[in-house]
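Worksheet: one structure, shown below.
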Amino acid sequence: MNRFFALAFLLLSSSLVFSQKNKTKIIETSKPFVLGVIDEIQSKELNEKRILNIYLPEGYNPAEATKYPVIYLLDGSADEDFIHISGLVQFNSFEWINQVPKSIVVGIATVDRRRDFTFPTTVENDKTRFPTTGHSDQFIAFIEKELQPFIEKKYKTNNSKTIIGQSLGGLLETEILLKKPSLFNKYVIVSPSLWWNNGSLLDLDSEMLKENFNQQIDIYIAVGKEGLTPTEIPRVMEVDANLLSEKLKGSKSKNVKVYFDYFPEENHGTILHPAVANSFKFFYPQSKE
């Protein structure tokens with residue numbers, strides 16, 4: 001009997017030691033899962049340091065000659081849209097999907113989106129509710145004079161530049177599109193807050209609407225079932241998005257292409273992900289064999 005207990009004790013001890021060794025091994029081999037890199041840029045235009053979350057495609061090598069399209073993402077913090085949009089880009093660039101070319105994603109982390117994404121308003125109630133608003137001109141200057149040159153100098157980029165934004169981000173994109181259309185050649189405008197300043201952007205003229213506009217620009221506009229806007233004078237998000245689409249489709253330039261997408265099953269909070277996925281199908285149509 002004593003031999004039996006002795007043997008059982010030895011087996012149990014061996015199992016515990018083996019188990020502890022295995023646990024130690026797991027701890028020793030664990031390491032962080034790296035999705036991209038975090039970069040910083042000191043902005044003179046904004047008078048502050050800005051965080052950039054960068055996704056680099058598989059196979060990216062700064063020593064090689066290969067250059068990549070860049071997708072600039074507004075609201076690009078890690079707890080905003082950077083992770084799921086980077087995932088969409090990665091998935092669609094898998095060789096068995098091949099919907100999107102391998103691309104660099106630049107997520108611009110948010111500091112004060114009401115300040116950065118809006119131009120001055122004449123609506124007194126909005127000035128009171130959002131006292132920091134009205135400085136999109138500085139943010140656009142940051143993109144043009146600092147951010148794009150920084151990315152193009154530090155990373156292997158080609159001439160393809162896409163911008164993605166939703167809500168106030170879509171408002172900023174629309175302002176860029178109408179005032180400085182050549183900053184990007186692909187625009188993904190989702191649920192734009194065109195109600196800002198009583199919809200004044202919808203009345204703005206633009207060089208891109210004229211016949212002699214020579215740059216190729218692809219514009220994707222999406223909206224869900226979103227209803228009334230937060231304004232004193234009622235507006236409807238779907239109507240405003242349609243009005244923008246029709247305005248842009250009225251461009252006399254053959255180089256401007258516009259696609260409008262309506263998602264009746266999505267709302268303001270859920271639309272961005274499926275909209276971006278659909279925009280890739282518009283920008284990079286696959287030929288049917």
Side-chain angles (χ1 to χ4, degrees), residues 69 71-75 81 84-85 88-89 92 99-100 117 160-211 213 215-231 234-288:
I71 298 173
Y72 291 87
L73 174 65
L74 303 173
D75 295 318
D81 297 318
H84 75 98
I85 295 300
L88 269 179
V89 174
N92 280 280
Q99 182 71 59
V100 174
F117 297 172
S160 177
K161 291 179 286 189
T162 300
I163 183 169
I164 297 174
Q166 181 199 11
S167 194
L168 287 178
L171 175 74
L172 177 75
E173 278 189 77
T174 305
E175 184 181 2
I176 294 172
L177 177 65
L178 295 175
K179 293 181 178 179
K180 289 181 174 288
S182 298
L183 279 186
F184 300 93
N185 41 40
K186 293 181 176 62
Y187 289 78
V188 182
I189 301 173
V190 181
S191 303
S193 297
L194 297 171
W195 52 266
W196 184 255
N197 194 36
N198 291 325
S200 62
L201 269 189
L202 291 170
D203 298 323
L204 194 66
D205 197 8
S206 173
E207 63 175 302
M208 60 156 299
L209 302 176
K210 299 174 182 177
E211 189 175 1
F213 184 73
Q215 180 184 326
Q216 180 66 48
I217 289 186
D218 295 327
I219 306 160
Y220 173 90
I221 302 168
V223 68
K225 194 172 181 60
E226 305 180 46
L228 294 178
T229 60
T231 54
R235 302 182 71 93
V236 180
M237 292 285 290
E238 296 93 309
V239 173
D240 279 351
N242 264 290
L243 289 173
L244 176 62
S245 174
E246 292 305 310
K247 176 185 181 72
L248 299 176
K249 286 179 180 178
S251 172
K252 297 177 181 179
S253 172
K254 296 180 180 179
N255 297 306
V256 177
K257 294 183 180 179
V258 184
Y259 183 78
F260 180 80
D261 220 353
Y262 177 52
F263 291 79
E265 301 301 318
E266 306 295 342
N267 58 42
H268 199 69
T270 64
I271 186 176
L272 182 63
H273 195 84
V276 173
N278 260 20
S279 74
F280 293 153
K281 297 175 183 177
F282 167 66
F283 292 152
Y284 305 102
Q286 293 182 323
S287 58
K288 296 180 181 180

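Other residues, nucleotides and ligands place more than 12 heavy atoms under 6.0 Å from the NZ atom of K249. Residue K257 places its NZ atom among 12 or fewer non-hydrogen atoms of other residues, nucleotides or ligands, all under 6.0 Å distant.
Within the 4.5 Å cutoff, no side-chain heavy atoms of D81 are placed close to those of I164. Side chains of K247 and T174 form no contact here, defined as non-hydrogen atoms less than 4.5 Å apart. Contact check for D261 versus F263: side-chain heavy atoms found under the 4.5 Å cut-off. At a threshold of 4.5 Å between non-hydrogen side-chain atoms, the residues P181 and F213 count as touching. E173 has its side chain out of reach of P192: every pair of non-hydrogen atoms, C-beta onward, lies at least 4.5 Å apart. Considering only heavy atoms from C-beta on, E238 comes within 4.5 Å of E226 through its side chain. Within the 4.5 Å cutoff, side-chain heavy atoms of M208 are placed close to those of L248. Side-chain contact between F117 and L171 is absent, with no heavy atoms from C-beta onward closer than 4.5 Å.
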Assess whether side-chain contact (heavy atoms from CB on, under 4.5 Å) is satisfied between L201 and E175, documenting all intermediate values. CA-CA 7 Å; L201 269 189; E175 184 181 2; 4.1 Å; yes
Working note: K179 + L204, criterion side-chain contact (heavy atoms from CB on, under 4.5 Å); need CA distance, chi angles, decisive distance, verdict. CA-CA 9 Å; K179 293 181 178 179; L204 194 66; 3.9 Å; yes
Go through it in stages, so that I can follow the logic: the residues are N278 and Y259, the test is side-chain contact (heavy atoms from CB on, under 4.5 Å), and I'd like the CA-CA distance, side-chain angles, deciding distance and then a yes or no. CA-CA 10 Å; N278 260 20; Y259 183 78; 5.6 Å; no
When you look at L172 and L168, which way does the side-chain contact (heavy atoms from CB on, under 4.5 Å) test go after all the steps? CA-CA 6 Å; L172 177 75; L168 287 178; over 6 Å; no
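Closest heavy-atom contact between L194 and L202: CD1-CD2, 4.0 Å. Here the closest non-hydrogen pair linking F184 and Q215 is O-NE2, 3.1 Å. Closest approach of Q166 to D75, counting heavy atoms only: O-OD2, 4.2 Å. Minimum heavy-atom separation, G224 to S191: N-OG, 4.2 Å. What you find for M237 and H268 is that their closest heavy atoms are CE-CE1, 3.7 Å. Of all the heavy atoms in L74 and G165, the pair that sits closest is CD1-CA, 4.2 Å.
A tilted orientation is assigned to the rings of F282 and Y220, their planes being inclined by 30° to 60°. Note on ring orientation: taking the six-membered ring where Trp is involved, the planes of Y284 and F280 are tilted (angle from 30° to 60°).
Here the side chain of T162 pairs no donor or acceptor atom with the backbone of I71 at under 3.5 angstrom. Put simply, the side chain of T270 gets close to the backbone of N267: a donor and an acceptor are under 3.5 Å apart.
Side-chain N/O atoms of S167 and S193 include a donor and acceptor closer than 3.5 Å.
In this structure, the separation between NE2 on H273 and CD1 on I271 is 13.0 Å, given to the nearest 0.5 Å.
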